[in-house]
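Have a look at this one.
Computed from heavy atoms alone, side chains included, the values below leave out hydrogens, waters and symmetry copies. Throughout, a chain's letter reflects where its sequence line sits, starting with A, and its residues are numbered from 1. All of these numbers come straight from a predicted model, not from anything done at the bench.
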2 protein chains.
Amino acid sequence: MMNLTIAEENYIKSIYKLEEEGQEAVSTNALAGELETKPASVTDMAKKLKEKKLISYEKYQGINLTPDGKKAALNIIRRHRLWECFLVDKLSFSWEEVHELAEELEHVRSEKLINRLSEFLGNPQIDPHGDPIPDAQGKMGKPRPQTPLDKARSKRLEVVAVSDKSTALLEFLNAKGIRLGTQLDVIERYEFDNSIELKIRNQPAFTISEQVSKNIMVKPI
Amino acid sequence: MMNLTIAEENYIKSIYKLEEEGQEAVSTNALAGELETKPASVTDMAKKLKEKKLISYEKYQGINLTPDGKKAALNIIRRHRLWECFLVDKLSFSWEEVHELAEELEHVRSEKLINRLSEFLGNPQIDPHGDPIPDAQGKMGKPRPQTPLDKARSKRLEVVAVSDKSTALLEFLNAKGIRLGTQLDVIERYEFDNSIELKIRNQPAFTISEQVSKNIMVKPI
DNA sequence: AATAAAGTTTAGGTAAATCTAAATAAATAA
DNA sequence: TTATTTATTTAGATTTACCTAAACTTTATT
């Protein structure tokens with residue numbers, strides 16, 4: 001496998017993420033948004049990644065990972081999620097703190113390190129946010145059936161994952177008492193702004209915005 | 001504390017090392033050698049680090065760390081050595097494999113991470129090469145009394161550290177059976193090239209070059 | 001002390017990853 | 001279908017961390 005720079009790895013990871021979220025071809029704009037950079041920068045990098053045969057890309061036609069690109073993406077995701085497990089399981093970090101740290105640790109590229117880390121952790125299958133961890137061959141369990149909260153139909157739900165890992169969101173959820181496995185009751189859905197009123201066990205009800213509800217993945221209970 | 005780039009951190013670390021080795025003022029050339037870069041690059045970086053008040057530097061006069069620079073250096077060294085402990089103690093890496101990995105891990109800058117890692121490891125005082133680990137305040141135990149093998153006078157010696165951490169050297173030592181705590185008998189010192197003939201317990205004797213013997217730190221036994 | 005050798009700095013350049021502003025293509029609306 | 005809006009690309013700069021080659025200091029040698 002080729003040697004990628006940190007910037008290249010971050011692009012690959014983001015392209016993978018956007019493809020997963022259902023984008024047929026990932027647009028320059030969407031990728032710029034995801035990476036908090038400018039479209040012009042994305043175009044530059046697209047040329048480079050195409051050169052390295054990690055993506056297919058034609059001017060104005062958007063971006064897709066090649067099989068090689070996908071393999072690279074899964075490897076980066078494996079590293080990221082294993083480090084998250086380490087931070088939570090061994091160093092007692094909480095759920096919402098680990099994403100940015102893992103974002104840095106994931107760029108230490110060593111097969112041996114990551115395989116030993118996995119072993120040390122007992123070869124975990126899912127990370128602290130509920131996402132599956134690809135194995136050394138890049139095989140990853142199907143993410144469990146889940147719906148974003150804004151689309152869920154049932155009244156009684158369980159939180160199975162959070163798709164946006166920004167500290168801001170995770171801290172907000174933490175403050176509200178929402179974490180993996182938390183059970184939620186939907187009190188009301190307000191059409192005018194798609195906000196949702198929720199209740200957890202015996203705590204007072206509270207309201208979350210559509211923006212937030214899109215990022216909370218739930219399953220009926 | 002200021003935010004340093006990886007390159008800046010590596011310079012700081014190398015300046016610290018050369019000062020420790022006794023250089024009054026660290027020369028451009030020595031630093032270039034240590035970092036495997038060119039003197040002109042060192043001059044460039046020296047200006048930047050002076051700007052940040054991490055070193056004192058005057059044209060042609062060499063480099064020294066300021067108190068701030070030293071604090072930064074000790075912090076980087078702390079991270080490096082704790083990761084080495086982690087790799088050896090928890091992931092069963094061997095002595096000679098960990099240096100380059102720690103070289104990458106050390107650049108993940110997070111007080112919290114490193115303090116938790118230290119705690120997780122039982123707040124170790126020395127790393128797998130026998131070097132002391134600075135504490136969170138940057139206080140570091142005195143390195144134990146030790147002499148480079150090429151300067152040692154006794155015949156019977158114990159290996160307490162290895163100062164050059166290049167994989168090449170560490171692998172060589174490993175192959176010869178030389179590790180921390182190994183006891184050596186000096187059979188002969190050859191003046192013409194300063195090579196040394198050694199023996200370990202009941203193994204056959206072998207010869208090492210001056211270059212190698214300079215990097216093996218020993219104490220009389 | 002004069003000169004040669006060694007060490008250091010400057011000047012000018014390169015590659016990676018960004019950016020802004022302007023140009024161009026594609027999608028949408030009138 | 002033409003015009004307008006939106007998306008994308010190009011052109012040209014910028015910053016960081018390097019580099020080489022030439023100029024300049026310092027140190028060592030004769």
* **Residue-level proximity of residues 40-52 of chain A to DNA chain C when a heavy atom falls under 4.0 Å** =>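 Listed by number, they are Ala40(A), Ser41(A), Asp44(A), Lys48(A).
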
Counting only non-hydrogen atoms, which of residues 4-33 of chain A are less than 4.0 Å from DNA chain C?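 Thr5(A), Ala7(A), Tyr11(A), in order of number.
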
- request: Kindly indicate whether a cation-pi arrangement holds for Lys48(A) with Tyr11(A), taking the cut-offs as under 6.0 Å to the six-membered ring centre and within 45° of the axis.
  value: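 No.
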
Go ahead and name the base partner of dA30(C); Watson-Crick or wobble counts if both distances stay under 3.5 Å, otherwise write none.
->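 Across all strands, the one nucleotide that pairs with dA30(C) is dT1(D).
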
task: Report the relative orientation of the aromatic rings in Trp83(B) and Phe86(A); use parallel for angles under 30°, tilted for 30 to 60°, perpendicular for over 60°.
output: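 Ring orientation of Trp83(B) relative to Phe86(A): tilted.
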
From CD1 of Ile63(B) over to C1' of dG7(C), roughly how many Å is that when rounded to an integer?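 Nearest whole value for this atom pair: 13 Å.
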
Heavy-atom closest pair, residues Met45(B) and Ala7(B):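 Reported closest heavy-atom pair: CE-CB, 3.8 Å.
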
Taking only side-chain N and O atoms of Thr37(A), does any of them lie within less than 4.0 angstrom of OP1 or OP2 on dA17(C)?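 The answer is no; no side-chain N or O of Thr37(A) sits under 4.0 Å from OP1 or OP2.
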
Under 4.0 Å from OP1 or OP2 of dT10(D): is there any side-chain N or O of Lys59(A) that close?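 For dT10(D), OP1/OP2 do have a side-chain N/O of Lys59(A) under 4.0 Å.
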
Notebook entry, point to check: Crowded around Glu197(B) CD? As in, over 12 foreign heavy atoms under 6.0 Å?
Noted result: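 Yes, enclosed.
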
### Query
Given dT9(C), is OP1 or OP2 found less than 4.0 Å from the side-chain N or O atoms of Tyr57(B)?
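Yes, within the criterion.
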
For the pair made of OH in Tyr60(B) and P in dT26(D), what is the distance, rounded to whole Å?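 After rounding, the reported distance stands at 7 Å.
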
Is Arg109(A) salt-bridged to Glu9(A), going by a charged N under 4.0 Å from an acidic O?
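Yes, Arg109(A) and Glu9(A) are salt-bridged.
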
* Specify the residue among Gln61(A) and Lys38(A) whose closest nucleotide of DNA chain C lies further upstream toward the 5′ end. =>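 The residue mapped nearer the 5' terminus is Lys38(A).
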
- Backbone N or O of Thr43(A) within a donor-acceptor pair of the Thr28(A) side chain at under 3.5 Å?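 Not at all, since once roles are kept as given, no pair shorter than 3.5 Å links the two residues.
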
field: Taking every non-hydrogen atom, the tightest pair across Leu74(B) and Gly138(B)
entry: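 Where Leu74(B) meets Gly138(B) most closely, the heavy atoms are CD1-O, 3.1 Å.
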
Using modelled atom types only, decide if a donor and an acceptor are shared between the side chain of Asn64(B) and the backbone of Glu24(B) within a distance under 3.5 Å.
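Yes, because the side chain of Asn64(B) sits within donor-acceptor range (under 3.5 Å) of the backbone of Glu24(B).
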
